[in-house]
Amino acid sequence: MPRPRQLHRSFFDRSVHEVAPALIGATFLVDGVGGTVVEVEAYDHEDPAAHGYRGRTPRNAAMFGPPGRAYVYRSYGLHWCVNFVCGPEGDASAVLIRALAPTAGLEVMRKRRGLEDARLFCAGPGRLCEALAITRAHDGLALDRPPFWLGAPQTDVEIVTGPRIGISKAVDQPWRYGLKGSRFLSRPFGRARRTLSRTR
DNA sequence: CAGTGGATGCTCT
DNA sequence: GAGCATCCACTGT
């Protein structure tokens, strides 16, 4: 399998609603451990469900910074979640990375997660941060420099969409994107899904 | 399979 | 004091 070219940081310099589906099939590694992005969600600056909606705070400061960087926050007091910041600087939009198909560093992930089943290594935003050892220390770091490595998405992928998970506002926006047929999703896509195709 | 509740830290009201 | 962009263990079909 050929190693994909590395994504340029200008990849993130556009609307989060373009970037989110474009990330499906990309390769995401932290210190060489990770896999293929199979599930994401988009959060934009006019979105009541987004952390940046009510303005800048110490927690969400990375969302208001340059695109192409990580925004990492603690979820429910226990887990970490990682986003990729998008749009023009100050746009406060970001893509939540929700699931990976593990491809690199499987033994490391197995140990960190304390599980044997590879399907559960990265099937959820908290799980994938545990598997890749992402913490607050990564908040605000550029995605095109170590310890991160981002590879260009595969072409010819089929993408399913649906409502986002675990939110109580703007619940009807279909801004969750998944790789069709993947066994590594955090949850299946429901009946209301739509299918997009990306070819080149 | 579905549903429930606990763990836990931080932000904002 | 409420409310989380979650996960896991447990219960009952």
Side-chain angles (χ1 to χ4, degrees), chain A residues 12 15-17 19-21 23-24 28 30 34-35 37-65 67 69-87 91-102 109-140 143 159-179 182-193:
Chain A
F12 297 97
S15 164
V16 69
H17 298 294
V19 176
L23 278 170
I24 298 297
F28 179 41
V30 180
V37 176
V38 297
E39 181 184 339
V40 302
E41 288 175 357
Y43 289 85
D44 76 42
H45 62 288
E46 295 183 336
D47 178 0
H51 288 173
Y53 180 64
R54 288 175 196 81
R56 179 176 177 144
T57 67
R59 175 175 74 155
N60 65 23
M63 285 188 89
F64 288 81
R69 298 197 184 182
Y71 162 48
V72 181
Y73 70 94
R74 201 192 271 284
S75 175
Y76 290 91
L78 291 161
H79 311 288
W80 298 102
C81 296
V82 63
N83 295 251
F84 297 167
V85 177
C86 294
D91 193 53
S93 65
V95 178
L96 172 67
I97 310 303
R98 289 194 54 92
L100 308 178
M109 289 191 270
R110 187 189 320 276
K111 186 173 180 183
R112 287 173 178 164
R113 293 278 296 119
L115 295 166
E116 295 302 315
D117 186 356
R119 288 164 55 146
L120 296 177
F121 287 175
C122 302
R127 290 165 169 173
L128 85 84
C129 281
E130 183 172 47
L132 274 59
I134 295 172
T135 69
R136 166 151 287 168
H138 298 87
D139 188 39
L143 295 166
I159 297 167
V160 287
T161 75
R164 296 173 293 181
I165 291 178
I167 56 173
S168 59
K169 298 163 192 159
V171 295
D172 292 330
Q173 299 290 359
W175 292 340
R176 177 181 178 225
Y177 300 91
L179 179 63
S182 173
R183 310 185 324 276
F184 298 95
L185 300 174
S186 67
R187 291 174 48 179
F189 280 75
R191 245 181 62 245
R193 72 193 154 165

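Per chain, numbering begins at 1; letters A, B, ... match sequence-line order. Keep in mind that the numbers below use all heavy atoms, side chains included, and drop hydrogens, waters and symmetry copies.
Listed in residue order, the members of residues 41-53 of chain A having a heavy atom less than 4.0 Å from DNA chain C are A:Tyr43, A:Ala49, A:His51.
Looking at residues two or more places apart in sequence or on another chain, you find no ring-ring contact (aromatic ring centres under 6.0 Å, His included) involving A:Phe64. Every residue two or more places apart in sequence or in another chain that forms a side chain to side chain donor-acceptor pair (under 3.5 Å) with A:Arg176 is listed here: A:Glu39. Every side chain to side chain contact (heavy atoms under 4.5 Å, CB included) that A:Arg136 has, sequence neighbours left out, goes to A:Trp80. With sequence neighbours left out, the salt bridge (charged side-chain N to carboxylate O under 4.0 Å, His left out) criterion links A:Glu46 to no other residue. Among residues two or more places apart in sequence or in another chain, the ring-ring contact (aromatic ring centres under 6.0 Å, His included) test is passed with A:His79 by none. Judged as a side chain to side chain donor-acceptor pair (under 3.5 Å), and not counting sequence neighbours, the contacts of A:Arg164 are A:Asp47. Qualifying salt bridge (charged side-chain N to carboxylate O under 4.0 Å, His left out) partners for A:Arg119, counting only residues two or more places apart in sequence or in other chains: none.
A:Arg164 comes within 4.0 angstrom of no nucleic acid atom, judged by non-hydrogen atoms across all strands. The residue A:Arg113 sits close only to the backbone: its heavy atoms come under 4.0 Å of sugar-phosphate atoms, none of a base. Contacts of A:Ser168 with the nucleic acid, taken as non-hydrogen atoms under 4.0 Å apart, involve only primed sugar atoms and P, OP1 or OP2.
DNA chain C contains the following stems of three or more consecutive Watson-Crick or G-U pairs, with both distances under 3.5 Å: B:1-7 with C:6-12, B:9-12 with C:1-4.
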Apply the test ring pair (Phe, Tyr, Trp, His ring centres under 6.0 Å) to residues A:Phe84 and A:Phe28: give CA-CA distance (whole Å), side-chain angles for both, the deciding distance (0.1 Å), then the verdict.
CA-CA 11 Å; A:Phe84 297 167; A:Phe28 179 41; 5.1 Å; yes
Yes or no on ring pair (Phe, Tyr, Trp, His ring centres under 6.0 Å) for A:Tyr73 and A:His51, after CA distance, side-chain angles and deciding distance?
CA-CA 10 Å; A:Tyr73 70 94; A:His51 288 173; 4.6 Å; yes
Each nucleotide N or O in nucleotides 4-7 of chain B that has a protein N or O under 3.5 Å away: list the pair and distance.
none

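Pairs engaging residues 121-131 of chain A under the salt bridge (Lys or Arg N to Asp or Glu O under 4.0 Å) rule: A:Arg113-A:Glu130 [sequence neighbours left out].
Projected onto DNA chain C by closest heavy-atom contact, A:Gly166 and A:Leu120 fall at different nucleotides, the more 5' of which corresponds to A:Gly166.
A donor-acceptor pair under 3.5 Å is absent between the side-chain atoms of A:Asp44 and the main chain of A:Ser93, judged by distance alone. No side-chain donor-acceptor contact under 3.5 Å links A:Asp139 to the backbone of A:Ala62.
Note that the first and last nucleotides of DNA chain C, 5' to 3', having any atom under 4.0 angstrom from a heavy atom of chain A are C:dC4 to C:dC8.
Considering all non-hydrogen atoms of both residues, A:Ala133 and A:His138 come closest at O-CE1, 3.2 Å.
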